[in-house]
Amino acid sequence: NLKKEKAITTRLLLLMASPSNKNHHRRLCPTAPDDYGLLITLDDQSKTCRMELVPDAHLDQIHPNAYGPSALTSLCRLGGGGSGVRVFKGYHPVFGSLVMKHGGYKDTKELFALAAVAQELKRRNSKAAVDMQSRIPNYCMVYVSPHHLRATTPQEQMLSLMINVVRFFGPPPTFYNMPSVSTSDPGMDSTSDSTDSVSSNPAEKEQGNTTGTIHLYARTHSTNEKLRVSLHSRHLDIVVGQNVVESKLSIEYGDDRFEIMKAVVDKLAQLQEKRLWKYTLGQTMIGGPSPVTGASYLAKGMLQGELLETLICEYVKVIRNLQSLTLPEERNAVDLVRQEVQDLNVYSRPTDISQLADAFVGFNIRKNWHPARGRFYTLRRMGADFRHHRFALTKAEKVPARLLGILLKEKSLMSHVFEHVGSIPTALDAKGFKLDTWRVLLRDAVSLKCSAGCDRVWNCGLDDGGLHNLFLSQGKVWFFDLGEPTYQPLPGLLTKFLFSFLHTLGMVDDKVNHGGWVNRFIPGEKLRLTEETEKLLPKAYDAFKTTIDRLIEILFDGEEAVRGLLINYVTLQLLSDAAFCMERWTIKGGGTPRYSNHNKSIEQWLWRALWDLYIASDLNTKRRLNSLGAKSSGSPIHGADC
């Protein structure tokens with residue numbers, strides 16, 4: 001199996017990755033029909049990995065470039081997403097109610113992480129595993145439309161995907177019981193040996209005796225031929241009728257279904273990243289008939305009282321589950337990180353720290369302080385580009401761009417851009433670009449006394465378990481947007497949950513400007529908060545403080561040093577997200593002429609960056625830290641009106 005996995009990473013989907021010669025493609029007939037796409041599913045009940053060609057449909061009511069199986073009905077766009085990926089729901093007669101994304105390579109990896117998490121929960125079998133599985137969705141499908149593939153022969157590429165899976169993994173086990181089929185076809189390669197039968201003994205598969213080339217033939221003299229397979233000593237013949245639709249071309253794998261699926265999805269994601277493809281990705285719907293996100297309650301000022309108590313108690317239960325599911329050998333890494341911190345010297349750079357140390361502080365160092373690609377440097381660079389008019393801007397982008405140019409300049413004050421804030425430095429100056437901030441962060445992280453602050457947990461993919469990625473009811477919490485599972489100490493794991501109490505106010509769906517976010521500022525020469533935001537922000541801070549207080553008391557044995565560390569993590573995440581928003585603006589066409597760009601109103605990404613920068617600095621004023629009980633922890637931003 002290991003040899004097969006290695007072969008897959010280098011050779012699987014070779015025909016998809018690079019076009020084959022014309023003669024070879026003439027043998028790969030029939031190609032997938034123009035109006036058919038490739039549906040890839042993993043059925044845990046029947047224990048099969050299935051790849052099937054199904055009728056394709058344009059989902060233009062969802063997105064101009066979205067396609068999906070034509071069997072989908074009851075399609076409806078969903079809001080609340082912060083990454084800019086189009087999310088929608090629908091119904092499939094086989095899979096039931098689904099939540100889907102028109103997503104890129106990262107979304108594909110995150111979707112398949114659901115299958116990986118399910119495998120791990122089975123391996124870590126316990127009541128905690130059952131409870132966690134009940135809180136998360138199941139992987140359902142990856143759908144690749146011929147319109148998703150930017151290639152001259154996308155239909156041949158999709159068929160090649162199926163062929164290469166068989167080529168490198170061997171024929172599916174279900175094919176072994178099928179009789180050898182005569183394949184005398186006028187179009188058949190004369191070198192093919194169609195009389196040499198292969199034993200159906202599975203042991204021979206282990207020895208590799210059934211591996212070889214794959215031949216696909218179309219019978220021209222029959223209009224209703226069903227899919228038939230013939231095993232030979234040097235090749236496998238897949239024989240289909242003239243009408244591919246009638247043959248319902250598909251491949252199923254059983255015993256090693258997960259490994260096969262993982263290899264296929266990994267390769268698909270690599271191709272997505274390289275060629276900027278997007279697929280339709282589906283997972284099961286969770287949260288009850290009318291699910292509501294925690295962020296929605298927060299935006300309405302309702303995250304308080306019994307509802308907030310439910311959120312905290314349920315989150316603590318989830319953390320207890322993760323602690324229980326973590327194996328003893330996975331917990332302790334603090335000694336290695338402490339030694340690494342001791343070994344740092346004046347010449348050490350952020351890029352010198354290990355992956356282990358970076359994970360220990362919530363992956364905050366490399367992504368933010370990298371000298372070439374770090375998000376803090378992205379903020380400085382794009383601020384300079386705004387000031388020097390290096391971007392082509394629409395009329396709606398000129399005000400936020402001008403203000404970002406001012407705010408992101410070194411030693412700029414918040415009062416240069418915002419009204420009623422006092423002469424205080426920005427969080428980017430105070431927290432992000434101080435010479436030794438990242439060293440202090442590491443030192444503080446390994447200096448905690450309580451075991452919960454230093455021991456790692458297996459995070460079940462909940463690396464972004466914020467209010468915007470969870471459903472909340474009066475009795476339960478569900479998580480619907482998971483990443484790839486990893487190991488983190490609790491302070492790092494809690495970062496995105498806590499930061500979402502402030503961050504998500506900047507990504508509330510605007511009921512007036514459909515498809516956009518509410519702008520928290522009244523534009524002008526300087527910005528001031530809207531009346532709604534001024535009323536809502538104290539409630540958000542109250543919920544934030546109550547949650548931190550309870551988590552420190554319950555999870556960290558009341559150790560107050562955790563409070564300052566958590567606030568620092570939240571601050572860095574807010575700054576990081578401001579850079580993310582500006583990067584998304586450029587990816588969606590910001591800064592360039594928009595002659596035929598279907599992305600509209602992308603200035604909202606700049607306004608959201610301004611919100612993250614504002615709230616990151618507001619969080620770190622002396623007045624705010626005092627109200628949060630952080631009088632002796634953290635490093636406040638000092639200024640005239642703090």
Short question: side chain of Arg520, backbone of Leu505 - any donor-acceptor pair under 3.5 Å? yes
So, Gln272 versus Asp107: side-chain donor-acceptor pair below 3.5 Å or not? no
Name the orientation class of the two ring planes belonging to Phe501 and Phe497 (parallel below 30°, tilted from 30 to 60°, perpendicular beyond 60°). perpendicular
Side-chain donor/acceptor of Ser324 to backbone N/O of Arg320, under 3.5 Å: no
Any donor-acceptor pair under 3.5 Å linking the side-chain atoms of Asp618 with those of Tyr541? yes
Using atom types as modelled and distance alone, determine if a side-chain donor or acceptor of Asp358 lies under 3.5 Å from a backbone N or O of Ile365. yes
Any ion pair linking Asp463 and Lys496 (charged N to carboxylate O, less than 4.0 Å)? no
Cationic N near anionic O, under 4.0 Å, Arg608 to Asp577: yes
Would you say Asp557's side chain and Glu559's backbone share a donor-acceptor pair under 3.5 angstrom? no
Backbone N/O of Trp517 and side chain of Gln604: donor-acceptor pair under 3.5 Å: yes
What orientation do Tyr139 and Phe112 show, parallel under 30°, tilted 30 to 60°, or perpendicular over 60°? perpendicular
Cys454 and Val446: side-chain contact (heavy atoms from CB on, under 4.5 Å), yes or no, with the steps? CA-CA 7 Å; Cys454 297; Val446 299; over 6 Å; no
Compute the centroid of each ring, for Phe479 and then for Tyr315, and state whether the two points are separated by less than 6.0 Å. yes
Please check this pair: side chain of Gln283 against backbone of Val99, looking for a donor-acceptor N/O pair closer than 3.5 Å. no
Donor-acceptor contact present, side-chain Arg563 to main-chain Leu628, <3.5 Å: yes
Residue pair Asn568 / Lys431, side-chain heavy-atom distance below 4.5 Å: yes
Looking only at atom types and distance, does a side-chain atom of Thr533 sit under 3.5 Å from a main-chain N or O of Leu529, one as donor and one as acceptor? no
With no hydrogens and no angle check, just 3.5 Å: does a side-chain donor-acceptor pair link Gln323 and Arg331? no
Sub-3.5 Å donor-acceptor pair from the side chain of Thr495 to the main-chain atoms of Pro491, do we have one? yes
Assess whether a salt bridge exists between Asp131 and Lys476, defined as any Lys/Arg side-chain N lying under 4.0 Å from an Asp/Glu carboxylate O. no
How about Phe95 and Tyr91: are their ring centres within less than 6.0 Å of each other? no
Between Lys106 and Glu110, is the closest basic N to carboxylate O distance under 4.0 Å? no
Do Asn620 and Thr571 have a side chain donor and acceptor closer than 3.5 Å? yes
Validation row, ring centre Phe480 to ring centre Phe471 under 6.0 Å: yes
Say whether, by atom type as modelled, one donor and one acceptor occur between the side chain of Arg456 and the main chain of Pro489 under 3.5 angstrom. no
Look at the rings of Phe418 and Phe521 and say which category their plane angle falls in: under 30° parallel, 30 to 60° tilted, over 60° perpendicular. tilted
